[in-house]
There are 2 protein chains.
Amino acid sequence: MTKRDSQGRALTDYPRPSVAVDTAVLTVPPGGQLSVIAVTGDGDLRLPGTFLHEGETLADAVARSLAEKAGITGILPVQLHVFDGLDRDDRGWVLSVAHLAPVRMSRLAADARTTPLPVAALPPMPFDHNEILELAVAELRARYAEHPDPFGLLPEPTFTIRELHELHEAVAGHPLPRDTFRRLMEPQLEPTGSLARGTVGKPAREFRRLVA
Amino acid sequence: MTKRDSQGRALTDYPRPSVAVDTAVLTVPPGGQLSVIAVTGDGDLRLPGTFLHEGETLADAVARSLAEKAGITGILPVQLHVFDGLDRDDRGWVLSVAHLAPVRMSRLAADARTTPLPVAALPPMPFDHNEILELAVAELRARYAEHPDPFGLLPEPTFTIRELHELHEAVAGHPLPRDTFRRLMEPQLEPTGSLARGTVGKPAREFRRLVA
DNA sequence: CCAAAAGTGTTTTCGATACACCCATGG
DNA sequence: CCATGGGTGTATCGAAAACACTTTTGG
């Protein structure tokens, strides 16, 4: 039941590009800097990626490549841009759909095939991978500017405003005013009623994410 | 010189999707509303699109489809999103890369194969075309919120602040305060020194776009 | 009591808005 | 001189920032 187009030709009569996905997996180690997962391929560092398989969506392909190459599951990929340079890949005609996939640090601990590297001072990568990383960081910063934790990077099930504050500073890459930050975020959080324990100073209230 | 991958298979050994581009061409008739160009296909209205050909970038394909289907040249397409639903096209496995392509009304006058329709109250279209239109309008609004005329929708070579104001109100879809708008935009415009003539009231100064 | 961190009240600043007014032209 | 639209001074409002202060715990 092959359908024909207006010139009487089937879709498969035309040459088609290979379609790849490349993903900037961003994470923030507790007390650390914004970091990205890089894999080794052909001798240099690059972002994890794969070719799109038949019967698969782009998000499926991103999930598969991260499960295979880094043992990461349960991610929420966001499309960034299609790179379509005709000679960007010497293996042939390849479109690459860049993605952002933020992931909580605790999901990474078990499998150490890959190490997160701070995005500041990252070496040059092949293809468009440095450009993809820049887009990914910009997108992450934009999404975290207004909301507490749109990608679930915080520890579950509860967290303090200090933890949220440190996460936001790592994402933004610069200090954020303490009191203004609290006043912006607190209305968007659900207090659990419990307090953090075992710390110096006044115990912080613990919160839950309000919007999933 | 076919390259082999890590499993010793060439790129063309894998099934590949067809890749299409679909474009929301947005325009604003003088004194009119934000409008989109729709073409007729299979009995209903849809956005112009085509399949990506070999040796062609996405922007090339957008330009070709608009030249062929609507006689429009010299556009500046912006990527919006890749639609990758597995059953979105019953002709087979098709990815569609949605684009926005704003165009000045005066570029359309000559060829009337297509008519711009106001985006408010547009009929349902097949595929994801209504969704593409929504993305396109949102993107256009975001880009016009801060800058005078990022896509060159204004008459060349000069325009008045009133014309700019009316364009922005059409794009935004709601009235914008007159004095605040002027104060925001004027520093970003280059005065030509000449004045608009043949109108009632004080003649307006004419401006040129500052950033291309 | 002291250090450290949580949490809050208050002032300042800055930009956007609203509103009023003045200016320049055609009829 | 009046209607019309261009252009500008100024008060007001609100959000964000800065700063200082109070509160609550562990040691």
Side-chain angles (χ1 to χ4, degrees), chain A residues 28 30-32 141-150 154-155 157-210, chain B residues 28 30-32 141-150 154-155 157-210:
Chain A
V28 178
R141 285 183 178 158
R143 299 220 188 191
Y144 270 81
E146 302 264 332
H147 300 287
D149 189 21
L154 287 170
T158 65
F159 54 86
T160 65
I161 291 194
R162 164 184 279 270
E163 291 173 309
L164 183 63
H165 187 226
E166 284 173 354
L167 170 64
H168 274 250
E169 290 192 329
V171 168
H174 59 82
L176 298 169
R178 194 172 60 95
D179 44 6
T180 305
F181 178 80
R182 168 188 300 275
R183 279 186 258 251
L184 182 65
M185 292 300 161
E186 200 175 323
Q188 304 181 56
L189 299 174
E190 183 191 346
T192 63
S194 57
L195 299 177
R197 304 193 308 171
T199 59
V200 213
K202 178 172 176 176
R205 287 188 293 160
E206 293 183 320
F207 294 86
R208 225 191 307 273
R209 294 167 64 208
L210 194 57
Chain B
V28 177
R141 285 182 178 158
R143 299 219 188 194
Y144 270 82
E146 303 263 332
H147 300 286
D149 189 20
L154 286 170
T158 65
F159 54 86
T160 65
I161 291 193
R162 163 184 280 270
E163 291 172 309
L164 183 63
H165 187 224
E166 284 174 354
L167 170 63
H168 274 250
E169 290 192 330
V171 168
H174 58 82
L176 297 169
R178 195 172 59 97
D179 44 5
T180 305
F181 178 80
R182 168 188 300 274
R183 280 186 256 250
L184 182 65
M185 292 299 162
E186 198 174 326
Q188 304 181 55
L189 299 175
E190 183 190 347
T192 64
S194 57
L195 299 177
R197 303 194 308 172
T199 58
V200 215
K202 178 174 176 176
R205 287 188 294 162
E206 294 184 320
F207 294 87
R208 225 192 307 274
R209 295 167 64 207
L210 194 56

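Lettering follows sequence order; numbering is per chain, from 1.
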Is the Phe181(B) ring parallel, tilted or perpendicular to the His165(B) ring (thresholds 30°, 60°)? tilted

Of the nucleotides dG7(C), dT8(D), dA18(C), which has the atom closest to the Glu186(B) side chain? dT8(D)

Distance check needed: dA5(C) C1' versus Lys202(A) NZ, whole Å only. 9 Å

Side chain of Arg182(A) - closest among dT17(C), dA24(C), dA6(C): dA6(C)

Just how far, in rounded Å, is C1' of dA18(D) from CZ of Phe181(A)? 17 Å

Can you tell me the distance, in whole Å, between the CG atom of Leu189(B) and the C1' atom of dG6(D)? 15 Å

Record whether the side chain of Arg197(B) comes under 3.5 Å of the base of dG26(C) through a donor-acceptor pair of N or O atoms. no

Would you mind reading off the distance between Glu166(A) atom CD and dA6(C) atom C1', rounded to a whole angstrom? 13 Å

Is a side-chain donor or acceptor of Gln188(B) paired with a backbone partner of Glu146(B) at a separation under 3.5 angstrom? yes

Per the atom types in the model, does the base of dG5(D) pair as donor or acceptor with the side chain of Arg178(B) at under 3.5 Å? no

Quick one: on DNA chain C, does Arg183(A) or Val200(A) contact a more 5' nucleotide (nearest heavy atom)? Val200(A)

Reckon Arg205(B) has a side-chain N or O less than 4.0 Å from the OP1 or OP2 of dG6(D)? no

Atom CG of Leu184(B) to atom P of dT8(D): distance rounded to whole Å? 15 Å

Under a 4.5 Å cut-off applied to non-hydrogen side-chain atoms, are His174(A) and Leu176(A) in contact? yes

Ile161(B) CD1 to dG7(D) P, in whole Å, measures 6 Å

Correct closest heavy-atom pair for Thr160(B) and Glu206(B) would be CG2-CG, 4.4 Å

d(NE2, His174(A); C1', dA17(D)) in whole Å: 14 Å

Could you tell me whether the side chain of Arg209(A) reaches within less than 4.5 Å of the side chain of Leu189(A), counting heavy atoms only? no

Picking from dA5(C), dG7(D), dA16(D), the nucleotide nearest the side-chain atoms of Thr180(A) would be dA16(D)

Nearest-Å distance, CE (Met185(A)) to C1' (dA16(D))? 13 Å

Tell me which nucleotide among dA6(C), dG5(D), dG9(C) gets nearest to the side chain of Asp179(A). dG9(C)

